[in-house]
> 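Just passing along the structure, written as structure tokens.
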Amino acid sequence: MKSKYTLLYVVLIIACSSFATNRDCEYVGSNIEYITSQTKKALTETDLNKTKYQIYKAINAIEKTRVKLNDCGCSYASKNLFEGLDNLILATKTSSIAGARVLINKALEKTALSLESLKEHHTHQGKYQADVLTLNTKNSEKEKLDSKEARDRELRQAIDSSLVKFEKSLEDVITTVDCEEAKNFIIEIKNKCDQALLNDELSEGKKYFNLRTKVIATNALTKISNCH
């Protein structure tokens, strides 16, 4: 069994070290999902100190998302997320779980709005950028941008191809390994991706790789969600 897990990690490491691309808004979306999960964990705690500990984890994740938010350029997502941050900071100063939960729920509302704003931004950004290029960019500059996008697209495709075997191996784990053990293993992979995506020093290729790996792991978890 250890050899099977080792093989999966080898596939991850090899693919992770080979590519570079740029998907800032997708990375922000992934971070917001992680921030939401940490914030929700704070609601499940019955001890105030443990509640605040989870809140601080969410706050730390938001702070680590600042640079990616700037790169993404979605002002509405930034506004909502940082309003949520204000609520979380206030929650750390409360003296009761009930008071903290009120503020945590407000923060969750803001993170949900932030994620929704991000999705709308991603939908319309392509048209906006095309209009700007048409109006303001010289032909030579536009050609450079088109060339870079083509290279990025090829690199993303290469990363996706490199993860095909990993995805199949993960499916094999689901069908052959004890349900609870397989679930914990996949959760561990997903958590590693979440942590990696909070690292601003990670190369663009590794960011995209971890994003895609997280998606694969999340999809795999839905197949064993009824595991007890």
Side-chain angles (χ1 to χ4, degrees), residues 22-125 183-204 206-208 210-211 213-215 217-218 221-222 225 228:
N22 185 1
R23 276 293 179 271
D24 296 304
C25 290
E26 291 183 56
Y27 304 146
V28 169
S30 177
N31 283 10
I32 293 176
E33 289 174 358
Y34 174 76
I35 291 162
T36 301
S37 71
Q38 296 305 310
T39 306
K40 286 181 176 179
K41 285 181 181 179
L43 286 175
T44 66
E45 298 292 350
T46 56
D47 179 84
L48 183 58
N49 288 330
K50 291 181 179 179
T51 298
K52 290 183 178 181
Y53 172 73
Q54 293 297 337
I55 294 172
Y56 279 121
K57 288 178 70 175
I59 290 173
N60 184 53
I62 293 174
E63 292 296 342
K64 289 184 176 181
T65 306
R66 284 183 182 272
V67 173
K68 294 184 181 70
L69 273 166
N70 290 334
D71 293 338
C72 172
C74 184
S75 59
Y76 292 106
S78 297
K79 178 178 180 294
N80 286 313
L81 188 61
F82 291 127
E83 285 179 358
L85 173 62
D86 291 339
N87 284 309
L88 290 176
I89 292 173
L90 288 173
T92 64
K93 300 177 181 179
T94 59
S95 57
S96 69
I97 289 181
R101 284 176 176 171
V102 171
L103 292 163
I104 292 169
N105 279 313
K106 288 183 179 180
L108 283 171
E109 291 175 6
K110 291 299 181 179
T111 52
L113 288 172
S114 180
L115 194 58
E116 186 62 31
S117 298
L118 193 67
K119 291 177 180 177
E120 293 175 359
H121 174 77
H122 181 73
T123 301
H124 299 103
Q125 189 73 355
K183 184 176 181 179
N184 290 336
F185 175 67
I186 297 170
I187 289 174
E188 182 182 354
I189 292 174
K190 182 176 177 294
N191 289 342
K192 287 182 181 294
C193 292
D194 279 327
Q195 291 299 319
L197 288 165
L198 293 174
N199 183 1
D200 286 333
E201 296 182 1
L202 207 65
S203 70
E204 291 299 330
K206 290 183 180 180
K207 287 179 186 176
Y208 182 74
N210 278 282
L211 181 68
T213 302
K214 176 183 175 180
V215 170
T218 300
L221 283 174
T222 61
S225 58
H228 297 291

> Looking only at heavy atoms, which two atoms of I35 and A61 are closest? And how far apart?
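Reported closest heavy-atom pair: CG1-CB, 3.5 Å.
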
> Looking just at side-chain N and O atoms, do Y34 and Q195 make a donor-acceptor pair shorter than 3.5 Å?
yes

> If you round to the nearest 0.5 Å, how far is OG of S78 from CG of N70?
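Separation between the atoms: 6.5 Å.
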
> Decide side-chain contact (heavy atoms from CB on, under 4.5 Å) for N87 and I104; before the verdict, give the C-alpha distance in whole Å, the side-chain angles of both, and the deciding distance to 0.1 Å.
CA-CA 7 Å; N87 284 309; I104 292 169; over 6 Å; no

> Would C25 and C72 count as a disulfide pair, i.e. SG atoms separated by less than 2.5 Å?
yes

> When you compare the side chains of N31 and T65, does any donor N or O come within less than 3.5 Å of an acceptor on the partner?
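The criterion, which ignores hydrogens and geometry beyond distance, is satisfied for T65 and N31.
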
> So does A42 get a backbone contact from the side chain of K52, meaning a donor-acceptor N/O pair under 3.5 Å?
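No.
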
> For the pair T36 and L115, evaluate side-chain contact (heavy atoms from CB on, under 4.5 Å) and give the outcome as yes or no after the intermediate values.
CA-CA 10 Å; T36 301; L115 194 58; 5.8 Å; no

> When you look at L108 and L43, which way does the side-chain contact (heavy atoms from CB on, under 4.5 Å) test go after all the steps?
CA-CA 10 Å; L108 283 171; L43 286 175; 3.5 Å; yes

> Should we count OH of Y53 as having more than 12 external heavy atoms under 6.0 Å?
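No, the 6.0 Å shell around OH holds no more than 12 heavy atoms from other groups.
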
> Taking all atoms of both residues into account, what is the closest heavy-atom pair of S117 and C74, and its distance?
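Result for this residue pair: O-SG, 3.7 Å.
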
> Kindly compute the distance separating CG (L81) from OG (S114), expressed to the nearest 0.5 Å.
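These two atoms lie 4.5 Å from each other.
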
> So does K41 pair up with E45, basic N to acidic O under 4.0 Å?
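Result for this pair is no, no salt bridge flagged.
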
> For Y27 versus Y208, what's the shortest heavy-atom pair and its separation?
OH-N, 3.1 Å

> Check T218, N210, T213 against I189 for a side chain to side chain contact (heavy atoms under 4.5 Å, CB included) and give me the one that passes.
T213

> State, without any angle test, whether S30 and K214 hold a side-chain donor-acceptor pair at a distance under 3.5 Å.
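Checked: S30/K214 side chains pair up, N/O donor to acceptor below 3.5 Å.
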
> What closest approach, in Å, do T94 and L48 show between heavy atoms, and which atom pair accounts for it?
O-CD2, 4.0 Å

> Could you give me the CA-CA distance, side-chain angles and deciding distance for D194 and L198, then say whether side-chain contact (heavy atoms from CB on, under 4.5 Å) is met?
CA-CA 7 Å; D194 279 327; L198 293 174; 6.0 Å; no

> Return the minimal non-hydrogen interatomic distance between I97 and T46, and the atom names on each side.
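The pair with the smallest heavy-atom distance is CD1-O, 2.7 Å.
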
